[in-house]
Engineer: 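One structure coming up, written as structure tokens, with questions to follow.
Side chains included, hydrogens not; waters and symmetry mates left out as well; all remaining heavy atoms used.
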Amino acid sequence: LAEFSVTERMSWAETRQTTRKEDMAYSLLGIFDVCMPLIYGEGKDSALKRLREEIHKALKGTQREDFSVAFSLSNVSEVNHFVAREEELAEIHEKLSSEGRRRTVVIHGLGGIGKTQLTVTYAIRHKDSYSVIFWLNIKDEDSVKQSFARVAKQISRQHPLASQLGSVDAKGDLDEVVDAVKAWLSLPNNTRWLMIYDNYDNPKSPGNRHPAVVDIQKFLPESYQGSVIATTRSSQVKIGHAIHVGKLEDVSDSLEFLSSTSGREGLKNNPDAIRLTQELDGLPLALATAGAYLDQVTISVSDYLRLYKESWAKLQKTSPELSSYEDRTLYSTWQISFEHAERRNTLSAQLLRLWAYFDNQDVWFELLQHRDSEDPDWIRELIEDELSFHGAMQVLSDHSLVEVEKSSLELVESQGYSIHRCV
């Protein structure tokens, strides 16, 4: 049994069915070779807490070094409203719990779709599965290095004798700080950490020539151990198991989200609320924006829907800030993705501008292919051949701005693409 970690042994009882809730903890006493009084009625959480305390006491007398650091997400926007996503949470947990020395999950999807909120929820729900969880902002190199400096301080506070960090000044050379933290994470018995790299939206790739491109490999510990989660808008990040986060498909989930963020009850059967959620098409950021506005302004849901259709840009500017989405708005979220796509392929940007004036449903090569001398040069270049068209679409797809419509493959000569209604 000593060959199995505490987390692995604790997981053996996760799916166990017991007559009394406390037995979820008591059934593990023999597995950990510890003793404690059986207090039926204290509840499962209390019993598990006492069990962990006894395990900790037992481990203190062994030679095994403790690498635990108190759980904290103080530098991350809190998640006040979270619905659905249970399948994604289960998939993350499964992939990070599977066999293998380094387990990596890449969560990708459209900006504002809820990738960060999903990751925060996972971290909180499974914090006891890890000795430490560190959160890093990897939107650019400066941000991720500053994140490593915060991590170094966290480690030093609880492990002042850590030799890897002893001679490093967290306010000095940040490259040295990064190397020191990576060295600490690479120690032989330090295997139960989780590193979260959030906002990896400008990844190093063959087609990305942005001056602020980031190579995540430079910031991963050298030893092949521990667990990693990366969130990104790009579908081209290939460092682990990819999980695509899509829109909220069930209207009832969108209605629950809108009701929670707006503080208004009874929206489940409200026809105007149903129409609004259909218009916002399951995008959490758009729903959160609408909910925050309805929470602070005394207008009806139908009036908000009317303003959304008539004065979208002005409505976005006057909407309250959202704590769960840092300082981002719906407009700034689209703008970031659009600018990244435009740098890679100007045809992609031109096509998206044109598309935004029309319906969000299928566009495919043959639909645009025609001969008109009055066409702008960029359209003629776009439909010169299928490779040009699909190349432009691929860039938009990489940034999750469009999706391949699988249903169209049997209906038209080539595959179609659709954009989210809010784009």
Side-chain angles (χ1 to χ4, degrees), residues 76-89 107 109-122 124-125 231 233 244-337 356 359-361 400-401 403 418-423:
V76 183
S77 299
E78 61 181 323
V79 177
N80 297 317
H81 313 284
F82 187 83
V83 299
R85 306 295 195 205
E86 290 301 324
E87 289 185 10
E88 290 90 339
L89 286 167
I107 300 172
L110 181 67
I113 206 69
K115 303 179 294 296
T116 296
Q117 290 69 28
L118 173 66
T119 307
V120 169
T121 301
Y122 173 83
I124 294 173
R125 188 174 294 188
T231 70
R233 301 181 191 194
H244 176 253
V245 180
K247 65 185 181 181
L248 297 173
E249 296 287 353
D250 194 329
V251 173
S252 63
D253 290 332
S254 294
L255 287 167
E256 180 184 346
F257 194 98
L258 184 64
S259 178
S260 176
T261 54
S262 66
R264 300 190 182 193
E265 299 180 357
L267 297 185
K268 185 177 180 180
N269 299 313
N270 184 318
D272 293 322
I274 294 173
R275 281 194 291 271
L276 176 59
T277 56
Q278 290 171 339
E279 185 70 28
L280 301 180
D281 201 19
L283 181 70
L285 177 55
L287 291 164
T289 302
Y293 194 91
L294 290 169
D295 182 47
Q296 297 186 20
V297 180
T298 56
I299 65 170
S300 66
V301 176
S302 62
D303 283 338
Y304 181 90
L305 180 58
R306 174 178 55 80
L307 292 171
Y308 179 86
K309 292 181 176 180
E310 294 177 357
S311 310
W312 183 88
K314 187 174 182 180
L315 183 62
Q316 297 306 306
K317 291 179 181 178
T318 57
S319 293
E321 292 186 359
L322 305 173
S323 60
S324 296
Y325 291 85
E326 296 180 339
D327 57 351
R328 292 188 290 116
T329 63
L330 199 56
Y331 174 80
S332 64
T333 295
W334 297 142
Q335 191 65 20
I336 292 169
S337 295
D359 191 47
N360 64 310
Q361 299 303 311
S400 301
L401 288 167
E403 292 186 356
S418 66
I419 58 174
H420 191 278
R421 186 184 297 271
C422 290
V423 176

Engineer: Looking only at heavy atoms, what is the nearest atom pair of Val83 and Asp253, with distance?
Structural biologist: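 What the structure gives for the nearest pair is CG2-O, 3.7 Å.
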Engineer: Closest heavy-atom contact between Glu88 and Leu118?
Structural biologist: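 Between these two residues, the closest heavy atoms are CB-CD2, 3.9 Å.
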Engineer: Please step through side chain to side chain contact (heavy atoms under 4.5 Å, CB included) for the pair Lys309 and Glu279, ending with a clear verdict.
Structural biologist: CA-CA 9 Å; Lys309 292 181 176 180; Glu279 185 70 28; 3.7 Å; yes
Engineer: If you count every heavy atom of other residues, nucleotides or ligands that lies below 6.0 Å from Glu265 atom CD, does the total exceed 12?
Structural biologist: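 At most 12 heavy atoms, drawn from other residues, nucleotides or ligands, come within 6.0 Å of this atom.
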Engineer: Write down the atom of Ser300, the atom of Arg264, and the distance for their closest heavy-atom approach.
Structural biologist: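 Distance-wise, the nearest heavy atoms are CA-NH1, 4.0 Å.
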Engineer: How many angstroms lie between atom CG of Leu89 and atom OG1 of Thr121, to the nearest 0.5 angstrom?
Structural biologist: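 So the CG of Leu89 and the OG1 of Thr121 are separated by 6.5 Å.
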Engineer: Apply side chain to side chain contact (heavy atoms under 4.5 Å, CB included) to residues Leu110 and Lys247 and explain how you reach the verdict.
Structural biologist: CA-CA 9 Å; Leu110 181 67; Lys247 65 185 181 181; over 6 Å; no
Engineer: Do you know which of Asp295, Thr289, Val297 makes side chain to side chain contact (heavy atoms under 4.5 Å, CB included) with Tyr293?
Structural biologist: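 By the side chain to side chain contact (heavy atoms under 4.5 Å, CB included) criterion, Tyr293 pairs with just one of Asp295, Thr289, Val297: Val297.
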Engineer: To the nearest 0.5 Å, what is the distance between OG (Ser254) and CD1 (Ile274)?
Structural biologist: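 Output value for this atom pair is 11.0 Å.
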Engineer: Could you tell me whether a side-chain N or O of Lys115 sits under 3.5 Å from a main-chain N or O of His244, the two making a donor and an acceptor?
Structural biologist: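 Such a contact is absent between Lys115 side chain and His244 backbone.
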Engineer: Are Pro271 and Arg275 close enough that some pair of their side-chain heavy atoms sits under 4.5 Å apart?
Structural biologist: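 Yes, side chains in contact.
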Engineer: What's the separation between atom CG in Leu255 and atom CD in Gln278, rounded to the nearest 0.5 Å?
Structural biologist: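 Here the rounded value is 8.5 Å.
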Engineer: Test side chain to side chain contact (heavy atoms under 4.5 Å, CB included) on Val301 and Leu294; report intermediate values, then the result.
Structural biologist: CA-CA 7 Å; Val301 176; Leu294 290 169; 4.3 Å; yes
Engineer: To the closest 0.5 Å, what do you measure between CG (Leu287) and CG (Asp281)?
Structural biologist: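 Those atoms lie 9.5 Å apart.
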Engineer: Charged N to carboxylate O below 4.0 Å: is that the case for Arg125 and Glu86?
Structural biologist: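 Yes, Arg125 and Glu86 are salt-bridged.
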Engineer: Between atom CG of Leu267 and atom OG of Ser252, what is the distance when rounded to the nearest 0.5 Å?
Structural biologist: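 Nearest 0.5 Å value for the CG-OG distance: 13.0 Å.
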Engineer: Considering non-hydrogen atoms only, spot the tightest contact between Thr261 and Ala288 and give its length.
Structural biologist: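 It is CG2-CA, 4.3 Å.
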Engineer: Would you find a donor on one side and an acceptor on the other, under 3.5 Å apart, between the side chain of Ser260 and the backbone of Glu256?
Structural biologist: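 Absent.
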Engineer: Roughly how far, to the nearest 0.5 Å, is the CG atom of Leu280 from the CG atom of Leu285?
Structural biologist: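 Answer for the CG-CG pair, Leu285 versus Leu280, is 10.0 Å.
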Engineer: Looking only at heavy atoms, which two atoms of Ala290 and Leu276 are closest? And how far apart?
Structural biologist: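 Here Ala290 and Leu276 meet closest at CB-CD2, 4.4 Å.
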Engineer: Any heavy-atom pair between the side chains of Leu307 and Ile299 that's under 4.5 Å?
Structural biologist: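 Yes. Closest side-chain heavy atoms under 4.5 Å.
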Engineer: Could you name each residue pair satisfying ring pair (Phe, Tyr, Trp, His ring centres under 6.0 Å) that touches residues 265-287, not counting sequence neighbours?
Structural biologist: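 Checked against ring pair (Phe, Tyr, Trp, His ring centres under 6.0 Å) - neighbours excluded - no pair reaches residues 265-287.
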